[in-house]
Amino acid sequence: MRVADYKDLRVYQLAFETTMQVFELTKQFPHEERYALTDQMRRSSRSVCSNIAEAWRKRRYEAAFASKLSDADAEAAETETHLSFAFRCGYLKADQHAKLKDAYDHICRQMATMIRDAASWCGNDRFIREEFSAYFATSRSDAHDASTL
């Protein structure tokens with residue numbers, strides 16, 4: 001697959017779809033969580049996508065690319081923490097929490113792989129070739145579909 005833009009990256013697509021699931025689920029959180037857990041969870045999940053986009057634009061420089069992906073990874077970890085709080089507070093069902101946690105685990109693994117092999121993602125080429133095997137060591141059927149949350 002040829003990647004011409006960050007929106008073509010599977011990691012971005014999964015992060016975006018998962019973020020939209022977070023947004024929909026947080027609509028049901030109690031009003032008293034509006035400026036606390038709800039806001040923080042929405043911000044950190046959106047920041048994952050934003051940092052992936054920034055990393056893509058900075059791929060002329062390996063260190064800058066890896067740094068922005070590291071920021072995205074940190075935001076994903078923050079979102080996972082908020083998800084755990086939401087689950088323990090009873091705002092998320094066990095299956096919702098498990099699916100979201102699984103999605104963020106996939107996102108983090110994908111970004112870790114990209115960081116480890118930053119050189120192959122960086123450079124002056126207009127297009128980057130994205131191989132499925134670059135993210136997963138397992139079969140394609142094991143890939144997570146965040147839209148089923």
Study note, to complete from the structure: Rounding to 0.5 Å, atoms CD (E17) and OH (Y12) come to a distance of 9.5 Å

Check your understanding: Between K93 and D95, does at least one N-O distance fall below 4.0 Å, as a salt bridge requires?
Key -> no

Point to revise | Presence of salt bridge, K68 and D71, under 4.0 angstrom | key: yes

Practice item. Search all heavy atoms of F87 against all heavy atoms of L92 and return the closest pair with its distance. Key: CD1-O, 3.4 Å

**Study point:** Taking every non-hydrogen atom, the tightest pair across A103 and T18
**Key:** CB-OG1, 3.5 Å

Exercise for review: In sequence, state the C-alpha distance, the side-chain angles, and the governing distance for E24 and K27, and then conclude on salt bridge (charged side-chain N to carboxylate O under 4.0 Å, His left out).
Suggested key: CA-CA 5 Å; E24 289 300 321; K27 285 181 179 180; 3.4 Å; yes

Check your understanding: If you round to the nearest 0.5 Å, how far is CH2 of W56 from NZ of K7?
Key -> 12.0 Å

Study note, to complete from the structure: Taken to the nearest 0.5 Å, the spacing of M20 CE from C49 SG works out to 9.5 Å

Review point. How far apart are the C-alpha atoms of Y61 and C122, what are their side-chain angles, what is the distance that settles it, and do they pass the side-chain contact (heavy atoms from CB on, under 4.5 Å) test?
Key: CA-CA 7 Å; Y61 311 101; C122 297; over 6 Å; no

Review point. Okay, side chain of D117, backbone of T113: is any donor-acceptor separation there less than 3.5 Å?
Key: no

**Study point:** Side-chain ion pair, D105 and R109, N-O less than 4.0 Å
**Key:** no

Point to revise | Value rounded to 0.5 Å, distance of CD in Q28 from OG1 in T38 | key: 10.5 Å

Check your understanding: What is the distance from atom OG of S120 to atom CD of E62, rounded to the nearest 0.5 Å?
Key -> 9.0 Å

**Study point:** Exceeds 12 heavy-atom contacts within 6.0 angstrom, atom CZ of F85
**Key:** no

Check your understanding: Tell me, do L14 and H106 make a side-chain contact under 4.5 Å, heavy atoms counted?
Key -> yes

Check your understanding: What is the minimum heavy-atom distance between R46 and T19, and which atoms define it?
Key -> CG-CG2, 3.7 Å

Practice item. Calculate, to the nearest 0.5 Å, the distance between atoms OG and CE belonging to S70 and M111 respectively. Key: 9.0 Å

Check your understanding: What heavy-atom pair brings M41 and L83 nearest, and what distance separates the two atoms?
Key -> SD-CD2, 3.7 Å

Can you give me every donor-acceptor pair (side chain of residues 72-82, partner residue at least two apart or in another chain, under 3.5 Å) with its distance?
unit_1, atom_1, unit_2, atom_2, d
E78, OE2, H82, NE2, 3.1
T79, OG1, S44, OG, 2.7
T79, OG1, S45, N, 3.2
T79, OG1, E75, O, 2.9
T81, OG1, A77, O, 3.1

Review point. Quick one: do the Y91 and E33 side chains pair a donor with an acceptor below 3.5 Å?
Key: yes

Practice item. Apply side-chain contact (heavy atoms from CB on, under 4.5 Å) to W121 and L9, showing your working. Key: CA-CA 11 Å; W121 292 92; L9 294 167; 3.5 Å; yes

Check your understanding: For A98, does its backbone N or O pair with a side-chain atom of D102 as donor and acceptor, under 3.5 Å?
Key -> no

Practice item. Take F65 and M114, measure what side-chain contact (heavy atoms from CB on, under 4.5 Å) needs, and give me the verdict at the end. Key: CA-CA 9 Å; F65 174 77; M114 292 172 77; 3.9 Å; yes

Exercise for review: Grab the two heavy atoms, one from I107 and one from V11, that are nearest each other, plus how far apart they are.
Suggested key: O-CG2, 3.9 Å

Exercise for review: State, to 0.1 Å, how close F29 and L37 come at their nearest heavy-atom pair, and which atoms those are.
Suggested key: CE2-CD2, 4.2 Å

Review point. Between D5 and R57, is any pair of side-chain heavy atoms under 4.5 Å apart?
Key: yes

